[in-house]
Amino acid sequence: MSTSSGNITSVLKETRAFIPPAEFSANAHVKSMAEYEKLWQDAAKDPEKFWGQQAETLQWMQKWNKVLEWNPPHAKWFVGGKLNISANCLDRHLHGPRHNKAAIIWEGEPGEQRILTYQMLHREVCKFANVLKNIGTKSGDRVTIYMPMIPEAAIAMLACARIGAIHSVIFGGYSADAVADRNNDAGAKILITADGGWRRGKVIPLKENVDKSLEKSPTIEKVVVFNRCNLSVNMKAGRDMWWHEEMAKASADCPAEPFDSEHPLFILYTSGSTGKPKGILHTSAGYLLGTSSTHKWVFDLKEDDVYWCTADVGWITGHSYIVYGPLCNGATVMMFEGAPNHPKEDRFWEIIEKYRVSIFYTAPTAIRAFIKWGDHWPDSHDLSSLRLLGSVGEPINTEAWMWYHEKIGKGRCPIVDTWWQTETGSMMIAPMPGAIPTKPGSATKPLPGIIAEVVDQKGNRVAANQGGFLVIRKPWPSMLRTIFNDDVRYKEQYWSQIPNTYFTADGAREDEDGYIWVMGRVDDVLNVAGHRLSTMEIESALGSHAKVAESAVVGKPDEIKGEGICCFVTVKAGVVVSEELKKELRDHVTKEIGALARPDEIRFTDSLPKTRSGKIMRRLLRDIASGKQTTGDTSTLEDYTVLSKLRQEDE
Ligand code: WT7
């Protein structure tokens, strides 16, 4: 069956539901659908009262006097309150049974192990906060963190939070140019990196990338380098310093200072539908409340859980669900540096067995890779410690869901499919696993305090099972506050489609049981292996190559990555196209953005299909890229022959 509304078509097929195991529900924080409904209804009736009560779970240095100040589209939460985010994640756990509890259990790709208890992590964070102060970092300064998945990445983030500096973590897979753009946009003064990091048996030369980026980032004054791989790197006197040398000089005494609830905590860059990445700004109290409450509800966290989120700290999932949410809740967090298939395809299952991981949170793209690698890998490990599984990043296809449920969860473990975004800061739609029966492919229902609806272009709710736009009606504590240095874009991007309503840019439908099924983006954003990439950003990278005249980038279905990157390219007059040029262009995009944006396919063409007003008709290109017949209206196409030529290329 297929239903549609406007240009969004929803295909209904999945009807199975999985009831939470009785024993799981009996021990859960939220035990039944009725309990969830009551929580949700109470929160919807009086959101400020609800969030005000929830905020009691944080440790305040000065209590707030107003829950919310809403001047659409700008929100201030817990006005007048003061707290320290790092104290909420560390100091509060030191005076009770958690002081010697493992905060981070880390394994490096080559196999080293480190365990940092809450007390040890606190000490490292205090020392590094003093290092930051010693090199001139002040509250409000921007600090770039470009690191591998090592505990020092979390230490650096928490140290920034401790002294009120604003961190901007850049995923280690980004190129030097991408690092420079982000340094410049943020006006970052300090950069924290490592000599390198391990990935699939190879060292990624982070410091070398940093050196290149610094030729174009004039605002960076100091660089702190952690020695991870014993690489010999260039250290510029007066600018670069070693982490271990500075730490040796630093005091471990760094009392947590109070900061305003709305003090900026971090900037995280993400792709939008234009070429320029957006610096999503998150602030303190509301963000911490959103991440910690959802981490507890959705993972149904217990004191003795060993919790593992496989994301990189360079993405929002790593910020919210490796660092801030779990540490605020006093959880034991597993952290792994490397790839799931190094040295072999069972590395994740080996880690789960070895550390008795109980909660495992990963992405559909990873699950599809596991399926491809074969069942013998998980089958050869004891996965009996697992009690809950999570998914994030894109819609999870039924096959992946069922495999995850049967092969990894052995039919015992509820699966929490969590829908949210960099902008939302924390999970918005996800099941409370003891309360809500799950349906494969649906993130189920909005969490308490979240009013999510599926609407048409005018903002009217569409009927059950009709496709529409997913929107959020009311502000929520962990929402982005603005786009750094670009409040105009913030308003346009998120709040202009439908008045006073947050526009997610995802298409969705709500079924007859109130379950939400997210169908994917409705803008020019690709979701490649869970990484958000803008087609425009890739087009502008291609456009910066001397031989390229014009390009159009679209997604095409990819079995593992969800979406692959297909580039239609016209070259400048006189340029001869060749397989070598294809490789050159793919390398060029990798250099400009990073390996995560490397095109899967380059197609040369004499011209691109355009409307009479000159707009590229991406819909047609998407059809061609995925090998489909052209569907829909082509009446505005300027030159009909373009299409048939593009198809010929295909043959
Ligand atoms: C976009 C946000 C926040 C987590 C990591 C990605 C897609 C995310 C789901 C899900 C269907 C999902 C959406 C969203 N997405 N989770 N469970 N089901 N789609 O963060 O890079 O900000 O991307 O990822 O399209 O808008 P992000």
Side-chain angles (χ1 to χ4, degrees), residues 8 10 14 169-171 173-174 266-273 277-282 287 290-291 294-295 298 309-322 324-325 361-367 389-398 400-401 404 415-431 438-447 450 452 454 469-472 478-480 483 493-494 502-510 515-534 537 555 561-563 596-597:
I8 298 180
S10 148
E14 188 52 58
V169 184
I170 305 177
F171 174 56
Y174 277 115
F266 65 85
I267 301 168
L268 183 58
Y269 287 88
T270 190
S271 299
S273 49
K278 303 181 279 193
I280 303 301
L281 184 80
H282 281 287
Y287 172 78
T291 54
T294 51
H295 181 259
V298 176
C309 163
T310 68
D312 192 281
V313 282
W315 307 117
I316 191 69
T317 310
H319 283 59
S320 301
Y321 297 107
I322 295 177
Y324 292 108
Y361 188 33
T362 196
T365 180
I367 298 169
L389 304 173
S391 172
V392 63
E394 60 178 301
I396 178 167
N397 49 307
T398 312
W401 199 100
Y404 202 27
I415 295 180
V416 289
D417 176 0
T418 61
W419 179 89
W420 57 295
Q421 308 176 300
T422 303
E423 292 86 343
T424 69
S426 61
M427 298 164 183
M428 306 293 279
I429 305 174
T438 53
K439 302 186 188 185
S442 169
T444 76
K445 294 171 174 254
L447 287 161
I450 305 303
V454 180
F469 301 111
L470 180 63
V471 298
I472 314 291
S478 68
M479 66 190 261
L480 78 164
I483 293 176
Q493 189 89 45
Y494 305 109
Y502 173 81
F503 186 73
T504 67
D506 276 344
R509 73 176 164 91
E510 188 175 327
Y515 280 55
I516 292 174
W517 300 74
V518 173
M519 288 142 36
R521 305 285 303 188
V522 296
D523 57 4
D524 291 328
V525 167
L526 303 181
N527 192 330
V528 179
H531 302 319
R532 220 163 114 177
L533 294 167
S534 122
E537 207 174 334
K561 296 195 289 184
E563 232 170 348
L596 70 168

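Please read these numbers as outputs of a predicted model, since none were measured by experiment. One-based numbering, in listed order, for ligands and for the atoms of each.
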Could you go through ligand 1 and list every pair where one of its N or O atoms sits under 3.5 Å from a protein N or O, giving the atom names and the distance to one decimal?
unit_1: ligand 1; atom_1: 15 (N); unit_2: G393; atom_2: O; d: 3.3
unit_1: ligand 1; atom_1: 16 (N); unit_2: G393; atom_2: N; d: 3.1
unit_1: ligand 1; atom_1: 17 (N); unit_2: D417; atom_2: OD1; d: 2.7
unit_1: ligand 1; atom_1: 17 (N); unit_2: T418; atom_2: O; d: 2.7
unit_1: ligand 1; atom_1: 18 (N); unit_2: E394; atom_2: O; d: 3.4
unit_1: ligand 1; atom_1: 19 (N); unit_2: P395; atom_2: N; d: 3.4
unit_1: ligand 1; atom_1: 22 (O); unit_2: T422; atom_2: N; d: 2.7
unit_1: ligand 1; atom_1: 22 (O); unit_2: T422; atom_2: OG1; d: 2.6
unit_1: ligand 1; atom_1: 22 (O); unit_2: R532; atom_2: NH1; d: 2.7
unit_1: ligand 1; atom_1: 24 (O); unit_2: G393; atom_2: O; d: 3.3
unit_1: ligand 1; atom_1: 25 (O); unit_2: D506; atom_2: OD1; d: 2.8
unit_1: ligand 1; atom_1: 25 (O); unit_2: D506; atom_2: OD2; d: 3.1
unit_1: ligand 1; atom_1: 26 (O); unit_2: Q421; atom_2: NE2; d: 2.9
unit_1: ligand 1; atom_1: 26 (O); unit_2: D506; atom_2: OD1; d: 3.2
unit_1: ligand 1; atom_1: 26 (O); unit_2: D506; atom_2: OD2; d: 2.7
unit_1: ligand 1; atom_1: 26 (O); unit_2: R521; atom_2: NH1; d: 3.0

Q.
Suppose we call two aromatic rings close when their centres sit under 6.0 Å apart. Are Y287 and H319 close by that rule?
A.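 No, the ring of Y287 stays outside the 6.0 Å limit from the ring of H319, centre to centre.
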Q: Go through the structure and list residues passing side chain to side chain contact (heavy atoms under 4.5 Å, CB included) with A443, not counting sequence neighbours.
A: D417, W419, I429
**Q.** Trace of the side-chain hydrogen bond (donor to acceptor under 3.5 Å, both in side chains) decision for Y321 with T294
**A.** CA-CA 9 Å; Y321 297 107; T294 51; 2.5 Å; yes
Q) What heavy-atom pair brings S426 and T291 nearest, and what distance separates the two atoms? A)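 Result for this residue pair: CB-N, 3.8 Å.
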Q. What residues form a ring pair (Phe, Tyr, Trp, His ring centres under 6.0 Å) with W401, not counting sequence neighbours?
A.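 Expected list: F18, H405.
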Q.
Going by ring pair (Phe, Tyr, Trp, His ring centres under 6.0 Å), name the residues that satisfy it together with Y361, two or more places apart in sequence or in a different chain.
A. F299
